[in-house]
Amino acid sequence: MLLSEYERIGRFLDPWREFERLNRALTGVASPSGRDFPPINLWTGPESSIVTVEIPGIEPEAVDIQVVGSTLTIKGGRAAREPKETEAYHRRERWAGQFVRTVQLPYDVEAEKVEARVSKGVLTITLPRAEADKPKKITIKTV
């Protein structure tokens, strides 16, 4: 693909746009608004981590959550409503397609105790910290 002089200069001015272009070239998929989809928030505490994921319009059955060690992977998708033969899009901004998000957690997780629930389009995943990964208090002995 030949790039115009403006496009070559633009790469240096906006590196994120260049990353998005490379992502599209390699995977054939563009992320909505140039950002990762779906948006994720992650809170951590001494006992567990909590991840919230915005998935409006996605059925819970269409979401796959996997935890291996300290890695959380969320997969899913949303189908687009196709217009009828007599209809045509006037505006199309809502994202549709498949997504995969992988998040590296700050510690290993007890995969058997992970809980997930969805409310008002927000998926909340509670990830308990693995017992073996919790810090242990070491007592100092005097001699």
Side-chain angles (χ1 to χ4, degrees), residues 1-84 87 89-143:
M1 174 171 110
L2 296 175
L3 299 175
S4 70
E5 192 67 30
Y6 175 75
E7 288 173 320
R8 276 185 253 150
I9 292 170
R11 286 182 176 182
F12 297 108
L13 299 176
D14 188 359
W16 295 114
R17 193 166 82 197
E18 176 63 8
F19 287 135
E20 179 65 18
R21 187 190 70 77
L22 289 171
N23 182 48
R24 266 194 320 273
L26 293 172
T27 65
V29 177
S31 59
S33 306
R35 299 184 309 180
D36 290 329
F37 184 84
I40 290 177
N41 287 338
L42 170 63
W43 293 270
T44 61
E47 298 295 319
S48 65
S49 290
I50 297 175
V51 175
T52 58
V53 186
E54 292 183 14
I55 57 167
I58 300 175
E59 295 296 328
E61 300 81 31
V63 178
D64 179 41
I65 302 168
Q66 297 179 5
V67 177
V68 177
S70 63
T71 304
L72 169 68
T73 303
I74 305 166
K75 300 177 186 178
R78 176 170 52 204
R81 179 194 174 274
E82 294 303 320
K84 297 177 185 171
E87 299 175 334
Y89 277 108
H90 176 69
R91 181 179 217 106
R92 187 174 187 176
E93 296 179 357
R94 193 159 182 251
W95 175 86
Q98 300 296 312
F99 67 84
V100 176
R101 286 296 307 268
T102 301
V103 178
Q104 190 64 42
L105 302 167
Y107 41 71
D108 286 346
V109 171
E110 290 285 343
E112 306 81 37
K113 296 180 181 178
V114 172
E115 294 180 4
R117 65 183 186 282
V118 68
S119 175
K120 298 181 182 178
V122 177
L123 173 66
T124 302
I125 307 168
T126 305
L127 304 142
R129 188 171 191 166
E131 200 61 42
D133 201 46
K134 290 182 181 176
K136 306 287 188 260
K137 174 115 174 116
I138 308 297
T139 56
I140 302 171
K141 298 178 186 174
T142 57
V143 191

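- Atom-to-atom distance recorded for Lys75:NZ and Ile65:CD1 is 12.5 Å, nearest 0.5 angstrom.
- Contact between Lys136 and Glu131 at its shortest, heavy atoms only, is NZ-O, 2.9 Å.
- A donor-acceptor pair under 3.5 Å is formed between the side chain of Arg78 and the backbone N or O of Pro56.
- In this structure, the side chains of Ile40 and Arg101 come closer than 4.5 Å at one or more pairs of heavy atoms.
- In terms of heavy atoms, Gly77 sits closest to Ile58 at O-CG2, 3.5 Å.
- Within a 6.0 Å radius of NZ in Lys120, other residues, nucleotides and ligands contribute 12 heavy atoms or fewer.
- Rounding to the nearest 0.5 angstrom, the gap separating the CD atom in Glu115 from the CD1 atom in Ile50 is 10.0 Å.
- Scanning for side chain to side chain contact (heavy atoms under 4.5 Å, CB included) contacts around Glu87 gives Arg81, Pro83, Lys84, with sequence neighbours left out.
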Problem - From CA spacing to verdict: side chain to side chain contact (heavy atoms under 4.5 Å, CB included), Val63, Ile55 - result: CA-CA 9 Å; Val63 178; Ile55 57 167; 4.0 Å; yes
Sequence neighbours excluded and cut-off under 3.5 Å, please list the side-chain donor-acceptor pairs for residues 121-130, or say none.
| unit_1 | atom_1 | unit_2 | atom_2 | d |
| --- | --- | --- | --- | --- |
| Arg129 | NE | Asp133 | O | 3.4 |
| Arg129 | NH2 | Asp133 | O | 3.3 |

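- Qualifying side chain to side chain contact (heavy atoms under 4.5 Å, CB included) partners for Thr44, counting only residues two or more places apart in sequence or in other chains: Leu42, Ser49, Pro106, Tyr107.
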